[in-house]
Each structure stands twice: as C-alpha cells, then as structure tokens.
Asks: 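I am attaching a structure below and will ask some questions about it afterwards.
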Protein chains: 2
Amino acid sequence: MSDLTALLRSKGLRSTPHRRAVLHALAENPHVTAVEVAAAVGEQASGPGAVSELSRQGLYNVLEDLRRVGLVRSIEPAGSATLFELQHGDNHHHAVCRSCGAVQDVPCSVGSAPCLDAPGTGGFVADEAEVVWWGRCAACAAAGR
Amino acid sequence: MSDLTALLRSKGLRSTPHRRAVLHALAENPHVTAVEVAAAVGEQASGPGAVSELSRQGLYNVLEDLRRVGLVRSIEPAGSATLFELQHGDNHHHAVCRSCGAVQDVPCSVGSAPCLDAPGTGGFVADEAEVVWWGRCAACAAAGR
DNA sequence: CCCTACATTTGACTGTGTCCAACTATGAGA
DNA sequence: TCTCATAGTTGGACACAGTCAAATGTAGGG
C-alpha cells in the first residue's frame, strides 16, 4: 500500500488513482490552478501507473474532498483563479508577484493562527487571518519589470 | 460645479453623470459588487438629476478609471466577486463574515503601508500587505451561526 | 458653436466553476 | 465468491463575472 493510499485512508477517504494522482501533482507543483492540476494529472496518464484523465467535475470533486479533510489548501489571489497547494502543518502566507504572478510561501512570523490580533472592532470574532504580500519576485525585480 | 465634478477634474478625469453617480453610490454603499453598483446607479435614474442606466461595459470602465486615479479601491475576498469601496486616505484592511459575507473595515494597527514587514525570503520586494480576517460578524456570532 | 479626444454602448465571447442526472466501480458483509 | 448499497465518475448544460472590439455619443476647450 503506497504512502498516499495510507494518507487518504487515514482521512477516511477511499484511495483512488485520481486522488493519488492529484496529491502527487500538487507535491510537485505548488500553487497551481485547477486547469494546471488537470494537465499534471494528464501527464501521469502517459507514464507508468497510468491514470486516465479525469473530467472537470471529477477534478473539482477530488480537490474539494482533499480540501475538506485538510490535505489541500486553496488560495484566491485577486485577479487569478483559485490556486491549490498541499496543506502542510504550518500556517504560512503568500507573496504574489504583480509582474509574473508567481506565488511564494512566506512562513508566518507572528505565531500560530490567527497570527494577527483579531480586530476588536464591533464584536467581530475572527478565526483566521490571511495575509498576502504584493510586489515583485526576485527574478522580476532583477529584470526591472 | 459640484464637489464630485471638482474631484474628478482634479484627477484629470472628465466629469460625467455616470462617474458622479458611481461615486455617489459608493459613498452610500461600501463594499459592493459591480452588479450592486449598477443597481444603485439605476436607483438614481428615477430620482432628481436623473442618470440613465449604464451598460455593463460602461460600469467596468468607470470603475477601472476611478480605481486608476485612486478614488476607488477594490478587494476580492475568496469566493466572492470583486467588491468596490471609496478610497480614503487611510490604509485599512477587512474582516469578512463567513456566515453572511458582510465586510467590515479594520483600521491598520501597525502603521502605514506596507503595514507588515516584507518577507525577507528570496529577494521578494513587497510594496503592499493585504490582510483579511475571516470569522463571524457580531450579528452572526450572536445568532450562533 | 464646433471639433476632437474621450466616454459609452452593444453584443459576442472567454474562463472558471457549479448543477444535475445517469452511469460505473468498490469493498464489506452474507 | 456474490451482491448490493455507497462512493466515485462522467458529460452536458448552465451561471456568473469579467473582457474585447467596433460603432456611436458627448464633454468641454478653442
């Protein structure tokens, strides 16, 4: 039984080729859109342990299932489609390049979630603080873009 | 010449009925979607100083023009359409209710933008930090939603 | 008053994601 | 090993937000 199978079972999900393929694809490509996940899964279709392509609906089902059990996180930077990444134990944030759109993980420097004080204003009860830094990635900054 | 006309002129934009109507609508309704802006502008169509409804394209053009000159800010909370609000001088963030979707302003407590230290990681040059708190608004928390 | 650059409209189109109903595979218990 | 309920998958239609391109209208300086 592969690691991925064990992982899925431990979360109460059946181990299916598509779910394993999506997890594998996300392990290799962080911060990808649903379309890119589909493409990566398609790649594996040609390799060993062949996986048939999965339908759009199937893809969203898999991603939602994995998200629900905490194996996958998604972010939606303004102006871009939903991006998916594996959920590690950490509570990190993201830096998005305005020029090329690249997304980079940023370790949370203030502690565990919510890692910023909740706004005291008006009785709002916060359970999560999401931070996105906007700017230029190293490559784009160097190229003067 | 109205205040709004003067404001638009000062930013180098022509003063048109639609632009004034959009500014007026945003002054009364913060954090609204493009569709809601259109509806609010439509309301004014029946009142005095009648404004004809504006097309979808016209609406996006107006919003983009106003955004470009700094009169309007937009935010895109995950799972919702772009929300627009007037740009005041301050650098505030937002708290979004998971239950009813209400958005509330949160004054930036850490200073001026970027109000959080830029990530030192890998040469990324940040020019803005965007923070969103997720949780329950006062009303929803009280109602146990 | 009249021109011209700027503003607006119209309608088709794209990308991303959801809904629904039918179909197929899986695996736990008999 | 068989059966069947449940979980998973598929395809097609659809909804929503936003964009593109080209034709038309208008604000405001001369």
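To find a chain, count down the sequence lines: A is the first, B the second, and so on, and within it residues start at 1. If you're wondering where the values come from, they're calculated on a predicted model, not measured in any experiment.
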Asks: Distance from B:Glu64 atom CD to B:Arg68 atom CZ, nearest 0.5 Å?
Replies: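 These two atoms lie 6.0 Å from each other.
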
Asks: Using only modelled atom types and a 3.5 angstrom limit, is any donor from either the side chain of A:Arg56 or the base of D:dG11 paired with an acceptor on the other?
Replies: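 Answer no: no donor N or O sits under 3.5 Å from an acceptor.
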
Asks: Using OP1 and OP2 only, check whether a side-chain N or O of A:Thr16 sits under 4.0 Å from D:dA7.
Replies: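 Result: no.
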
Asks: Students often get this wrong, so: under 4.0 angstrom with heavy atoms, is B:Ser55 touching a base, only sugar-phosphate, or nothing?
Replies: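 Base contact.
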
Asks: Any side-chain N or O of A:His18 below 4.0 angstrom from OP1/OP2 of D:dT9?
Replies: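 Result: yes.
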
Asks: Have a look at B:Thr33 and say if it touches a base, only the backbone sugar-phosphate, or nothing, with a 4.0 Å heavy-atom cut-off.
Replies: nothing

Asks: For A:Ala81 and for B:Gly58, find the nucleotide of DNA chain C with the closest heavy atom, then tell me which residue's nucleotide is more 5'.
Replies: B:Gly58

Asks: Could you tell me whether the side chain of A:Glu76 and the main chain of B:Gly79 form a donor-acceptor pair under 3.5 Å?
Replies: yes

Asks: Quickly work out the A:Glu76 CD to C:dG15 P distance and round it to whole Å.
Replies: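 Whole-Å distance recorded here is 18 Å.
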
Asks: Could you check whether A:Arg98 pairs with B:Asp127 (Lys NZ or Arg NE/NH1/NH2 to Asp/Glu carboxylate O, under 4.0 Å)?
Replies: yes

Asks: Within a radius of less than 6.0 Å around NE2 of B:His92, do more than 12 heavy atoms belonging to other residues, nucleotides or ligands occur?
Replies: yes

Asks: If you look at every strand shown and take non-hydrogen atoms under 4.0 Å, does B:Asp65 touch a base, only sugar-phosphate, or nothing?
Replies: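 Nothing: the residue B:Asp65, judged by heavy atoms under 4.0 Å, touches no strand.
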
Asks: What is the distance from CZ of B:Arg9 to C1' of D:dA27, rounded to the nearest Å?
Replies: 8 Å

Asks: Given atom CD of B:Glu36 and atom C1' of D:dC16, what is their separation to the nearest angstrom?
Replies: 14 Å

Asks: Donor-acceptor pair under 3.5 Å: do we get one between B:Arg14's side chain and the base of D:dG28?
Replies: no

Asks: Would you call A:Trp133 and A:Val96 a side-chain contact if the rule is heavy atoms closer than 4.5 Å?
Replies: no

Asks: Heavy atoms from C-beta onward define the side chain here; which of D:dG18, C:dC20, D:dC20 lies closest to that of B:Gln57?
Replies: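 Closest nucleotide among those given: D:dC20.
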
Asks: Write down the distance between CG (A:Asn61) and C1' (C:dT24), rounded to a whole number of angstrom.
Replies: 15 Å

Asks: Between C1' on D:dA17 and CD on B:Glu64, what's the gap in Å once rounded to a whole number?
Replies: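 Computing the B:Glu64:CD to D:dA17:C1' distance gives 15 Å.
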
Asks: Rounded to whole Å, how long is the line connecting atom OH of B:Tyr60 with atom C1' of C:dG11?
Replies: 16 Å

Asks: B:Leu13 CG to C:dT8 P: how many Å, rounded?
Replies: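 B:Leu13 atom CG is separated from C:dT8 atom P by 10 Å.
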
Asks: For B:Arg19 and C:dT9, give me the distance from atom CZ to atom P, rounded to whole Å.
Replies: 12 Å

Asks: Can you check whether A:Thr82 has a side-chain N or O nearer than 4.0 Å to OP1 or OP2 of C:dG17?
Replies: yes

